[in-house]
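Take a look at the structure below.
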Amino acid sequence: MAEAADFQGTSPSPARRWLRRTGAVLAGTPLLTGLLQLPAAPPAEAAAPAAPRAASDDGSVAVSVDSLTPGAPAEGDTVTVSGTVTNKGKKTVTDASVGLRVGSLLDTRSSIDTVAKNSDDIGSPVGAEIDDKYTEKFSKLTPGVSQPYTISVPADELDLGQDGVYDLSVTLTGETSDQPWEQTLGVRHTFLPWQPDEADTKTKTTFMWPLISTVHMTAETGSDEEQTPVFHDDELAEEISPGGRLDRMVALGKDLDVTWVIDPDLLASVEAMTTRYEIPGENADDKNAVGGHQAVAKRWLTEVQKAVADKEVVALPFGDPDLASLAHHGTSVTGSLRHLKEATDVAAGTVESILHVTASTDFAWPVEGAVDPSIIKVSTSAGADKVITRGDTFEGGRDLTYTPTAPRPIGGGTTAVVADARLSTVFEGDMARASASTQAVQRFLAQSLTLALQTDRPRSVVIAPQRTPSAAQAQTMAEAIGALQDSTWSQPQDLTAAAKSKPDPDAGTEVPPASAYPKSLRKQELPRSAFEQIARTQDKLDRFKVILSNPSRVVTPFGRALNRGMAASWRGRPAEAAIYRSGVETYLDTLSSQVRLIEKSDTKLSGRSATIPVTVQNNLVQGVEHLVLRLTSTNPTRLEIDGNAYEEQPIAVSGGHSQSVKFTTNANANGRATVVAQLYTQDGRPYGQPVTFDVKVTEITATVMLVIGGGVLLLVLAGFRMYTQRKRAAARQAEEREQENAADAADAADADAGDAKNPEASEMRPTQESAPDTREDAPEQPSDPAPDTAPESADPSGTGERVDR
C-alpha cells in the first residue's frame, strides 16, 4: 500500500523563531515587488534568481554530503556537514562558494520521499542561505577535480522552528567563463530532524537484525567416524573472517538494542567448520582442499554468543525456506509441508545447542513481507502464529492519517506484524559510498520522527530490513539505529513485545488477495519442479534409510540438505539452485547404489536339482539389514525355485563386505529359463536394480536313463558271477587239498609197514616231491594236462573253438 500516514501533528514552537521567520518573509516582500517592476536586466548584470536555473552541463558541479553530525541535533549542538564538490563540466568554475540552506518543514512522509528522489536537482526549491560566515569558498574549481569542504554551524543559527524534519541543502554557487554571473551550479538535499525536547509519547521501535547467509554446505560427508562435512565453496569463511559481512553484522549488532533473527543453518554450517571440513578441488571427484578456518569459525561463534546474551533471538526455520514459493508451488506436491515442519522443529534446538540461548520460533518471515492468504496458511502450518509482513503490501486501514501500530489480528489466532515499509527499505542499495550512507541515515531519522509526530497514540513500529545486508549496509544500519536510540522520540522494543502490543482498532486486518502479490517477487519463486525433485529425493531417502544399521548418519545430513534446497536465498539464482538440488539427489543415488547385486552370467543346470548362488555387495561404511533377496523363475513349469516360482531370504551384510546366498532349484523340463534376482525392503518395495540371467536346463531323458540303468545292471551281474565263480573254485581247491593230504597220509602208513618187512625196498623207493605219481588210479585235477597230449600247434584255433584262459 501507499501509506496513508502523511500528516503529522503540530507542537508548540518558540516565539522567537516564529518572529524571525515572519520578519524575514515581510522584509523580502517589498524587495520582491520592486524587482518585479524593474525591466529585464541583461544576463551579465542579473542578480541571482530566486529559483535557481539549472546550469548547463558544462558548468554543473556534483555536491556530496559525506557526513552530517549529529544526525538529530539538540539545543546547543553544533551541526557539522562535510563532503566534496566536483566540477563535472568542461569549464572552470570561479568564485565558488559552498553554503548551507535550511528549507521548508517536511510535514508528511511522502514529502520526504519526494526530496530524497530529487536530492541533486538544482531546480528544486532551496531555503535562504545561512550567514555568509558559515560558507567555504574556492577561487576556482578545475574540471574533473574534487575539493573537500566542511561547514560547522551552531544549531541555534539554523533558525529552526517547530519540531519536525527540515530540508537541509548544501549548495555551490559560482561563475563560468560563458556565464559570468553568480548562479547555483550544484546542490545536495538532505534531512535535518529537529526535536530537542523529550516527547511525551515515544514510539516503540523494533529493529530486526538478520543473521542469515546463503547455502554453503552440501549433503555429502566423509566416511570417517566424524563425518567430515563437505562445502561447495569457502565463501562462508570470507563472510565470518575479520572485516567480512557476517563479522561486521555481529560486531555492530552487539552494542545495539535489536532483535536477532537467525537462520539456524548458518550456525550449523559455521560449527561444522570448527573441526575439519572439505571443499571440492578443481576435479570434482577429489576432495583435495581442506578448509583451514577452524580458528576463524570458533572466534565468530564465540562473538555471536556474547552478542546475543540477554537479547531476544528469533529462530527462522532451518535453511530459511521460501514460504511464498512453497505456498504457490509446493503445497500441491506431497510432502513439501513436511519439510517445513522438520525445519521448524530443529530450529530452536540448533540455536540453543550452539548459542546457549532460548530462541523463539513463533515468527514466520516471507520474502520482503509480501503475503496473500496461501502464504499466511503455509507460514502458520508449522506452528508459527505471527507473520512478519510489510506495510507496502498490507492494507493500512480506513483512510488513516497516521501509520498504525504493527500488530494486526487476522483471524485464526494469527497476528500479522506489519513492518514499516519506508524504514525497512531505506538501507537498500549501494551504501559503500559515504554520501549514500549519510543520506540513508538522515532519511531514516527523518521518516522516524515524522511518523512519531503523526499522533499522540502509543504505537509499536517494526523495521524488517533486507535479509542479507552487505557490510556497508550493516554499517549504515548501525549508525541509524545508534542515532535513533539517542533520539528524543523513540525507544527500543523487542519483537515479541511489539507483536503483543494492543492493536489499533482502525488498522486494516484484511490479508491482500493473491492477485495483489508483487509480480516481481513471483518471477523469482522456486518452480514446482524444484519441489517435485525434493519430494523424489525424500522418497529415495525413505527407501534407503530403512536398510541401514545406523540411519542417522544419512538421514540428518540429507534432511538438512533438502531444507536448504527450499531456501529463500536461491531467489534470483535458479541455475545454481537446480545444480544444488541435483547434487543432493545424485549423491544419494551414489550411496544407494553401493548396496547392490553382483551381475551373473548364464548358468547351466545338469540334472533335476542344483543350487544357484547370488551375491550381495555392500560398499558402505555401515552395515545394511532388513533387506530381502528374492529369486524368481519366469518359467516355473520348467524351473522351480525351492519348489515354487520364487524364494526369499533375509539379508544382512556388514560394511565393506559381500555375502553369497544359495537358492535350491528343481528342473522339470529341458530348455532355457530366465531367472530374476531382486532386493526388497521389508515393506515390499524394490531396492536397487534387478539382476537377470538365464539358466539352461539339460535334464536327462527316460531312454538314456534306461540304457544307463541296463549297463549298470550288467556290470553288477558280471561282478556277482565273477565273485561266485571265484568262491566255488576256492572251495574245490580246499577240498582237493584235504583229499590229497589224507591220501598222502595213508600211503605213508602203508610204506612204513612194508619197509618194516623189507628194508631194502624202502631204501630204493623215491619220495613224492622228487617224482610224480604215475598210478592210473590217481585223482585227476582240473588243471592237470591230459595225459599223452600231442605237441601244441602254432596255428590259430579253429572257428567256434572256446579257449579257456
Side-chain angles (χ1 to χ4, degrees), residues 1-5 203-208 210 259 261 312 314-317 320-328 331 337 340 344 360-400 402-425 451 454-455 457-467 493-518 521-522 568:
M1 72 168 184
E3 294 192 22
T203 302
K204 296 178 181 179
T205 306
T206 300
F207 202 104
M208 295 167 52
T259 293
V261 181
E312 182 182 38
V314 170
L316 298 174
D320 187 22
D322 190 336
L323 300 175
S325 296
L326 184 57
H328 295 157
T331 53
L337 291 179
L340 177 61
T344 303
S360 171
T361 57
D362 296 337
F363 294 87
W365 188 16
V367 172
E368 296 190 12
V371 295
D372 60 25
S374 65
I375 297 176
I376 295 292
K377 184 177 180 180
V378 166
S379 299
T380 58
S381 64
D385 58 0
K386 304 173 184 68
V387 183
I388 300 169
T389 68
R390 208 168 68 187
D392 53 351
T393 59
F394 202 93
E395 291 294 332
R398 295 185 293 274
D399 300 326
L400 294 179
Y402 60 90
T403 302
T405 194
R408 317 276 180 87
I410 56 177
T414 303
T415 299
V417 181
V418 183
D420 187 80
R422 288 184 170 96
L423 295 175
S424 298
T425 59
L451 183 152
Q454 291 172 340
T455 179
R457 294 187 179 189
R459 285 172 296 167
S460 294
V461 176
V462 174
I463 301 166
Q466 56 271 35
R467 267 176 152 75
Q493 184 181 40
D494 290 341
L495 182 60
T496 299
K500 292 181 178 180
S501 61
K502 184 178 180 180
D504 191 325
D506 295 328
T509 58
E510 183 178 354
V511 177
S515 58
Y517 189 81
L521 294 180
R522 193 178 290 274

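Only a predicted model underlies this, so the values are computations on that prediction, with no experimental measurement involved.
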Rounded distance (nearest 0.5 Å) linking atom [atom1] of [X] with atom [atom2] of [Y]:
X: Phe394; Y: Arg408; atom1: CZ; atom2: CZ; answer: 6.0 Å
X: Leu316; Y: Thr361; atom1: CG; atom2: OG1; answer: 10.5 Å
X: Ile376; Y: Thr389; atom1: CD1; atom2: OG1; answer: 7.0 Å

Residues two or more places apart in sequence or in another chain: which of them pass side-chain contact (heavy atoms from CB on, under 4.5 Å) with [X]?
X: Pro518; answer: Ala370, Thr393, Ser520, Leu521
X: Gln466; answer: Phe427, Glu428, Pro469, Gln473
X: Ala464; answer: Met208, Trp365, Ile388, Ala419, Ser424
X: Asp385; answer: Asp362

Leu495 vs Lys386 side-chain heavy atoms within contact, under 4.5 Å: no
Close side-chain approach of Thr403 to Gln454, heavy-atom, < 4.5 Å: yes
Can you name the closest pair of heavy atoms from [X] and [Y] and give their distance?
X: Ala499; Y: Pro407; answer: O-CB, 3.6 Å
X: Phe207; Y: Ile463; answer: CE1-CG2, 3.5 Å
X: Pro373; Y: Val511; answer: N-CG1, 3.7 Å
X: Ala421; Y: Arg390; answer: CA-CG, 3.9 Å

Please enumerate all residues that pass side chain to side chain donor-acceptor pair (under 3.5 Å) together with [X], with sequence neighbours excluded.
X: Thr203; value: none
X: Glu312; value: Thr259, Thr496
X: Ser460; value: Gln493, Ser501
X: Thr425; value: none

side-chain hydrogen bond (donor to acceptor under 3.5 Å, both in side chains) contacts touching residues 373-382 (sequence neighbours left out):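 Qualifying pairs: Asp372-Ser374.
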Check: Asp494 side chain, Ala497 main-chain N or O, donor-acceptor pair, under 3.5 Å: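 Here the side-chain-to-backbone pair does not exist.
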Counterpart residues, salt bridge (Lys or Arg N to Asp or Glu O under 4.0 Å), relative to Arg522 (two or more places apart): none
NZ/NE/NH1/NH2 to OD/OE distance under 4.0 Å, Arg459 and Asp504: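 No.
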Carboxylate-amine/guanidinium proximity below 4.0 Å for Asp420 and Arg422: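 No.
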Tyr517: partners by ring pair (Phe, Tyr, Trp, His ring centres under 6.0 Å), with sequence neighbours left out: His328
Passing option when Pro366 is tested against Val371, Asp322, Leu326, Val378 for side chain to side chain contact (heavy atoms under 4.5 Å, CB included): Val371
Steps toward side-chain contact (heavy atoms from CB on, under 4.5 Å) verdict (Asp320, Arg467): CA-CA 10 Å; Asp320 187 22; Arg467 267 176 152 75; 2.8 Å; yes
